Asker: 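The structure follows.
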Number of protein chains: 2
Amino acid sequence: MWRMARPRKPLLSRDRIVEAAGVLVDEEGLEAVSTRRLAAALGVSGPSLYNHFRTKDAILEAVADAVSAKVDLSMFAGVADGGSGGGSGGGSDGGKDWRGALYDWAHSYREALSDHPNIVPVLARGPGRRPAGLRLADAVFGAMTAAGWPPAQATRIGALMRYFILGSAVASFAGGFVDDETAYDPADYPHLGQAHLLAERRREVDEAAFETGLTALLDGLALQYEALRAGAPEAARPAPGC
Amino acid sequence: MWRMARPRKPLLSRDRIVEAAGVLVDEEGLEAVSTRRLAAALGVSGPSLYNHFRTKDAILEAVADAVSAKVDLSMFAGVADGGSGGGSGGGSDGGKDWRGALYDWAHSYREALSDHPNIVPVLARGPGRRPAGLRLADAVFGAMTAAGWPPAQATRIGALMRYFILGSAVASFAGGFVDDETAYDPADYPHLGQAHLLAERRREVDEAAFETGLTALLDGLALQYEALRAGAPEAARPAPGC
DNA sequence: ACCTGAACACCGTTCAAGT
DNA sequence: ACCTGAACACCGTTCAAGT
């Protein structure tokens, strides 16, 4: 026979599988990824994948980590103790400011996610053991503590930035409405008369909301940082628990 | 035969199905909901469900809407033009302040979601045509415009609050790490030495981060509101697009 | 080591058949 | 109108068999 059970050189590799899975996720969504469909795209039969990954979910985790790896973390290098106000150039003692780094990082993060929105639900499950996800968490925490935030606060900043950025990617506001003028009866929803228009301006609306929210978040954190510096640590720690 | 194809009184109703589906989602997660499993819990066969819902997804949407319906919206009644600072009592002209309403609403929203975390991915898809989801969006937008926010800004506030609240429910920070001391090698992740401890303090850590983030967000928005009131609308509209 | 087809225990959904 | 069992076209995963 022509078909061999095992060719001289492997047909598959982890990289080829992740690559093909990523394309499938981007083009047709998470639900479209079945082991049979993915294997077919790679020219092999379904069970072959299990020679390279333990489960289908491990493949999706790898796709998610590849997206995390695209997030720029270089802005955290050199963040040091210093002011949070002023420009994005540097702090008072030469270190880069935490606020500018957080701003740039948030944009890079959001851009990576909006290039691959369908994988975001997998990313949202947390870094777990995914290397790129962990590097990201490590970089944020390291930079915030270097900037003078107490460890407990640095953890919270990493968490709340994650909520906002992943939330903006997974819970699109504008895309959540339907593009149907008759869908939102003014008698039921007096203020939703224009809501059907949101669907077609999705990108624009969500980008503006992200920018407004990010600015508010950083402004608010800067206020807490100032209070911290002014020697009123309680004011900067409104929450219970360590 | 004893078994009839159709009993005198219907065995099923939309409400009974939604109720049972909600229990299944809460106890075993979204993936555990199959039409056969759900039907078995209700004492009927799988296809029976299709007499009451068009698809399985429509059932999950109904479960999600039931959770949305639990979010308190009463704090938006009576929000009017006025200051955003001060106490949570009222604005300068007798209307309740938008900031206090947003704060209370965010907590009520988060509480509803944390009671039913497994359904959040369905909620995150947006209100679509779900009545309770739409009432929620309507109430926020109506209250923010009543408080004096320009419509475009009111839309953004609804969106960014949604990002943050749904993000905190779907993208738990602490729960994203594994409870395994050996998982995070200090050589790879110099600042993640205590990360494995997050898993067991999940609730505490996520609650503190939510509180810190919400306060920062509202502080930042208050700054924008003040700038708006001071007659510098550009300062309050840092984002492009209407 | 790495791929195959067959098989197992599932899915969501349709549909003719019953009352 | 509302429930049933049978059927269709799928799933993820295991496994013995091939080279």
Side-chain angles (χ1 to χ4, degrees), chain A residues 1-25 27-64 118-119 121-122 125 128, chain B residues 1-65 118-119 121-122 125 128:
Chain A
M1 285 297 270
W2 295 86
R3 306 179 154 279
M4 285 194 255
R6 181 183 175 240
R8 295 189 153 69
K9 289 208 55 176
L11 296 172
L12 256 32
S13 68
R14 286 179 66 96
D15 282 350
R16 277 199 69 217
I17 293 170
V18 172
E19 162 83 27
V23 171
L24 200 50
V25 169
E27 290 179 354
E28 309 202 43
L30 264 185
E31 334 76 48
V33 182
S34 78
T35 54
R36 285 169 177 84
R37 282 253 270 152
L38 174 56
L42 287 159
V44 298
S45 79
S48 303
L49 300 170
Y50 290 84
N51 285 298
H52 303 270
F53 287 92
R54 254 174 35 79
T55 61
K56 172 187 146 177
D57 199 64
I59 299 176
L60 293 176
E61 289 273 320
V63 172
N118 297 334
I119 198 68
V122 177
R125 298 194 301 223
Chain B
M1 285 297 268
W2 296 86
R3 305 177 157 279
M4 286 195 255
R6 179 181 177 242
R8 295 189 154 69
K9 289 208 53 177
L11 296 172
L12 255 33
S13 69
R14 287 179 65 97
D15 281 350
R16 276 199 68 218
I17 294 170
V18 172
E19 163 84 26
V23 171
L24 200 50
V25 168
D26 285 347
E27 289 180 354
E28 309 201 43
L30 263 186
E31 334 74 51
V33 183
S34 76
T35 53
R36 284 169 177 83
R37 282 254 270 151
L38 175 56
L42 287 159
V44 298
S45 79
S48 303
L49 301 170
Y50 291 84
N51 285 298
H52 303 270
F53 286 93
R54 253 175 34 79
T55 61
K56 173 186 146 178
D57 200 63
I59 299 175
L60 294 176
E61 289 272 320
V63 172
D65 210 45
N118 297 333
I119 198 67
V122 177
R125 298 195 300 225

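Given the structure is predicted, the values throughout are model-derived calculations rather than measurements. Residue numbers start from 1 in every chain, and the chains themselves are labelled A, B, ... in the order their sequence lines are given, proteins ahead of strands.
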Asker: Can you give me the closest heavy-atom contact between A:Ile119 and A:Val25, atom names plus distance?
Answerer: N-CG1, 3.9 Å
Asker: A:Asp15: which residues meet the side chain to side chain donor-acceptor pair (under 3.5 Å) condition with it, sequence neighbours left out?
Answerer: none
Asker: Specify the separation, in whole Å, of atom CG of B:Leu49 and atom P of D:dC3.
Answerer: 9 Å
Asker: Find the distance between CG (A:Leu11) and CG (A:Leu42) and round it off to the nearest 0.5 Å.
Answerer: 9.5 Å
Asker: Which whole-number value in Å describes the distance from B:Asn51 CG to D:dC2 P?
Answerer: 7 Å
Asker: Output all residues satisfying side chain to side chain donor-acceptor pair (under 3.5 Å) with B:Glu28, sequence neighbours left out; order by chain, then residue number.
Answerer: B:Arg37
Asker: Identify the two heavy atoms, one from A:Leu38 and one from A:Ala21, that lie closest to each other, and give their separation to 0.1 Å.
Answerer: CD1-N, 3.6 Å
Asker: Can you tell me if A:His52 touches the phosphate of C:dC3, counting only side-chain N or O atoms and a distance under 4.0 Å to OP1 or OP2?
Answerer: yes
Asker: Taking all atoms of both residues into account, what is the closest heavy-atom pair of A:Asn118 and A:Leu30, and its distance?
Answerer: O-CG, 3.3 Å
Asker: Report the distance from atom CG of A:Leu11 to atom C1' of C:dT4, rounded to the nearest whole Å.
Answerer: 11 Å
Asker: Generate the contact string for nucleotides 10-15 of chain C. Rules: B means base contact, S means sugar-phosphate contact only, - means no protein heavy atom under 4.0 Å.
Answerer: -BBBBB
Asker: Please find the pair of heavy atoms, one from A:Ala32 and one from A:Leu24, that lie closest to each other, and give the distance.
Answerer: O-CD2, 4.1 Å
Asker: So do A:Leu12 and A:Ser48 actually touch side chain to side chain, heavy atoms under 4.5 Å?
Answerer: yes
Asker: Could you write out DNA chain D as dot-bracket? Rules: Watson-Crick or G-U wobble, both distances under 3.5 Å, brackets [ ] for crossings, | for pairs with another strand, dot for unpaired.
Answerer: ||.|||||...|||||.||
Asker: If you define the side chain from C-beta out and look only at heavy atoms, does anything of A:Val63 sit under 4.5 Å from A:Val33?
Answerer: no
Asker: Does any pair with a residue in residues 51-61 of chain B pass side-chain hydrogen bond (donor to acceptor under 3.5 Å, both in side chains), and if so which ones, sequence neighbours excluded?
Answerer: B:Asp57-B:Arg125, B:Glu61-B:Arg125, B:Glu61-B:Arg130
Asker: Between residues 12-19 of chain B and DNA chain C, which residues have a heavy-atom gap below 4.0 Å?
Answerer: none
Asker: With a cut-off of less than 4.0 Å, is there a side-chain N or O of B:Ser45 near OP1 or OP2 of D:dT4?
Answerer: yes
Asker: How far apart are the closest heavy atoms of B:Ala62 and B:Val18, and which atoms are they?
Answerer: CB-CG2, 3.6 Å
